[in-house]
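Proteins get letters first, then strands, A, B, ... in listed order; numbering begins at 1 in each.
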Number of protein chains: 2
Amino acid sequence: MSVTLKDVAQAARVSVSTASRALTGTGLTSERTQQRLVRIARELGYRPNPIARGLKTGQSRLVALLVHNLTNASFQVMAEVVQARLKALGYQMLLCIGGDDPQQESDTLTTLIDHRIDGLIVVPTGKNGAQLKALSKDVPIVCLVRRDDATDLETVLADDPQGAYLGTRHLIELGHKRIGLIVGRQDTTSGRERLSGYVRALREAGIARDYTLIHAGHFVPETGATCARKLLDLPRPPSAIFVANHEATLGVLRVTAERNIAIPDDLSLLCYEDMPWFEWHRPAISIVDNGARDLANLAVDRLLHRMDAKGNGSEGVREYRVGARLIKRDSCRQIDAPAPARSARPKSSPSKSSAAKSAKV
Amino acid sequence: MSVTLKDVAQAARVSVSTASRALTGTGLTSERTQQRLVRIARELGYRPNPIARGLKTGQSRLVALLVHNLTNASFQVMAEVVQARLKALGYQMLLCIGGDDPQQESDTLTTLIDHRIDGLIVVPTGKNGAQLKALSKDVPIVCLVRRDDATDLETVLADDPQGAYLGTRHLIELGHKRIGLIVGRQDTTSGRERLSGYVRALREAGIARDYTLIHAGHFVPETGATCARKLLDLPRPPSAIFVANHEATLGVLRVTAERNIAIPDDLSLLCYEDMPWFEWHRPAISIVDNGARDLANLAVDRLLHRMDAKGNGSEGVREYRVGARLIKRDSCRQIDAPAPARSARPKSSPSKSSAAKSAKV
DNA sequence: GACAATTATGCAAACGATTGCATAAAGTCT
DNA sequence: AGACTTTATGCAATCGTTTGCATAATTGTC
């Protein structure tokens, strides 16, 4: 079907081995034959067969990225970044979707190893530590976004404590004293760390912690709706809600919409992790950006480093943090101060405020 | 590193060939040795090496899916569907992102072929027809969503004429007579076909076509904003807008928000292709669903069929259409009739409508 | 110009599976 | 029980590369 090394060798009247050496640049070949072979190979349209090469070298030029899903915007950009970087280096990305399901993760890992991938970036479920650990002897692995506590794998994490702290502090600086928090399950690292960042910011500001303002839940939109209702039904509802559970965002927005709560006039809203439409939304939604792009880039860096280092395993650093940053848009407002006087408008009626809000920009 | 067929054979005191035959089920092996080998293989934890196998058989157990990006919700679900289906069959999906860029598409195709993929599902840019055609001799290819006119490849398309027709008819049935259309570039199949569906519905209803109501543009949010403004600034603005350009949706929503246009009270809005948050949005956005899930499934079906049929090439059907369907939510209302009495609310003041509108998302 | 040192090439054996062909074992039939 | 099928096994070649080792060609040195 396609041109083989043998064909090239024959055309050049040299042996296959010389051809191989000339084209891979390995070892000793005279300048002249080398160039001649390169030329002939190009003329013939020779493309090395990665499978045959892989059999001999044990490498596949395949690097896998295993994420939970493609719905989460962070995973999308990570996938795009990883693919772009790898491709530039001559690797193909094998994107796998594990659904955050341990069984599926385990199966996928197995077939990936079968395929002799050269490297793996994985967002672990946390339930297959043993397997990951075992595999890490055969192939470089980098964990992304989540740590698998059962392993000592190199891990690239978002700086969730910092992100949550930044977000909360931002709201405090705007004058908010009662800040509702909707956060992820407390048996996940991110859930715990975001809560701790929130708590720290409050403490620093000397604001007493109010447990009725803190809600943790599963990573689904429904969580957002439920928690938002609970918060808004409070005798003294919060003046701001920090949705630090990305997946819950939709639920929160639905509830505020249903109740005609104007953002940011009636309620300030700060979310976690970007979505492409947040800046198109009116009001554009302020967020804490977890740095998905940087995370992916760093993960690739670390992976490549390990792939080069070829198993001279234990270095010092095993955990990297990528800074979060605040992206201020229009969904949070200064409290106890007049709303920005951009458009002259009465202040009284609630319908007014909602109009003001949407009118903005 | 890992257990090889030779190890299994040795342990069972048979030759490698017998082991191979027993485990693959190929050819003649006695019941007893077969079972014995299977047992031993399992005990030893033998896993066939796809690379070695691939070298001999010319197959890789890899199937590629090449899409433009992962931002588009349709591509997301397609990727998830394809991955799930393939995995169940023992294939790994190679997901590639081509960015709708001919050069990138071409490069990617080349490396995919190098990797000896067993099949390819591609959303073609339309600019690499020659290459695709050539490759289709080596590997089964199915085009998805777009046709590449330079080839006669088997293609799975959304039924855009029908989808646009259904959507337009829906609006007409609700009493709308002036229906704005925002559609994609007319040098794409989908752009043309959706326009034609719209036109057909109008014709059937005996509504004169008004060119000021029809806008075609690039697949970016800005298009939506620009076109929406043009439509709304018309002396006699439309009572409904059909956003048949998925990527433009965000832009349209922003403009309606900026102008405090209440949906569906002031303007009915119908969009094309779902996004996960459409049903969480307030009002929930009605759409024409292009059937991404079905498209992906059918593409997989066709691909598998070709992969089995092993090149007994030219059958009859080369183009499949997957039905679109209307998903009615809350963003379109009956015209000349009272708004649905869901929540009792004043009808008069503009603030009302803006409140309703801000309720959005 | 002969000899050693260097460099360039070729031979052949891997890598781990599959598979055509030959042969050994087991059944069948008279 | 011997001749003849049928069925089960093994041998060895093969897929397209890479690579250790031996050898041939080139260069340099005195």
For this session: Test B/Leu112 against B/Val139 for side chain to side chain contact (heavy atoms under 4.5 Å, CB included), laying out the working first.
Result: CA-CA 10 Å; B/Leu112 287 178; B/Val139 58; over 6 Å; no
Exercise. Side chains of B/Thr71 and B/Glu247: is there a donor and an acceptor less than 3.5 Å apart?
Worked result: no
Problem set entry | Nearest-nucleotide 5' precedence on DNA chain D, B/Leu55 against B/Gln34 | B/Gln34
Problem set entry | Interatomic distance, B/Ile51 CD1 vs D/dG16 P [rounded to whole Å] | 16 Å
Exercise. Rounded to whole angstroms, how far apart are CZ on A/Arg32 and P on D/dA25?
Worked result: 14 Å
Problem set entry | Partners passing salt bridge (charged side-chain N to carboxylate O under 4.0 Å, His left out) against B/Arg147 (at least two apart in sequence or in another chain) | B/Asp149, B/Glu319
Exercise. Is a side-chain donor or acceptor of A/Arg318 paired with a backbone partner of A/Leu153 at a separation under 3.5 angstrom?
Worked result: no
For this session: Mind running side-chain hydrogen bond (donor to acceptor under 3.5 Å, both in side chains) on A/Thr125 and A/Gln104 for me, showing each step along the way?
Result: CA-CA 10 Å; A/Thr125 63; A/Gln104 228 187 313; over 6 Å; no
Exercise. Are A/Thr4 and D/dT17 close enough that a side-chain N or O sits under 4.0 Å from OP1 or OP2?
Worked result: yes
Problem set entry | Covered region of DNA chain C, 5' end to 3' end, by chain A [heavy atoms, under 4.0 Å] | C/dA8 to C/dG16
For this session: Go through the structure and list residues passing side chain to side chain donor-acceptor pair (under 3.5 Å) with A/Asn297, not counting sequence neighbours.
Result: A/Arg85
Exercise. Under a 4.5 Å cut-off applied to non-hydrogen side-chain atoms, are A/Asp114 and B/Gln92 in contact?
Worked result: no
Using atom names, set out every protein N or O paired with an N or O of nucleotides 18-20 of chain D below 3.5 Å, distance rounded to 0.1 Å.
unit_1: D/dT18; atom_1: OP1; unit_2: A/Arg53; atom_2: NE; d: 2.7
unit_1: D/dT18; atom_1: OP1; unit_2: A/Arg53; atom_2: NH2; d: 3.1
unit_1: D/dT18; atom_1: OP2; unit_2: A/Ser20; atom_2: OG; d: 2.7
unit_1: D/dT18; atom_1: O2; unit_2: A/Lys56; atom_2: NZ; d: 3.1
unit_1: D/dG20; atom_1: O6; unit_2: A/Arg21; atom_2: NH1; d: 3.3

For this session: Check the surroundings of atom NZ in B/Lys127: do more than 12 heavy atoms from other residues, nucleotides or ligands lie under 6.0 Å from it?
Result: no
Exercise. Given the rule in the side-chain hydrogen bond (donor to acceptor under 3.5 Å, both in side chains) test, do B/Arg306 and B/Ser136 qualify, once you have shown the distances and angles that lead to the verdict?
Worked result: CA-CA 11 Å; B/Arg306 310 215 118 219; B/Ser136 70; over 6 Å; no
For this session: Have a look at the helix from C/dG1-D/dC30 to C/dT30-D/dA1 and give the angle its two end axes make, five pairs each, rounded to 10 degrees.
Result: 40°
Problem set entry | side chain to side chain contact (heavy atoms under 4.5 Å, CB included) partners for B/Ile97, two or more places apart | A/Glu80, A/Gln83, B/Leu70
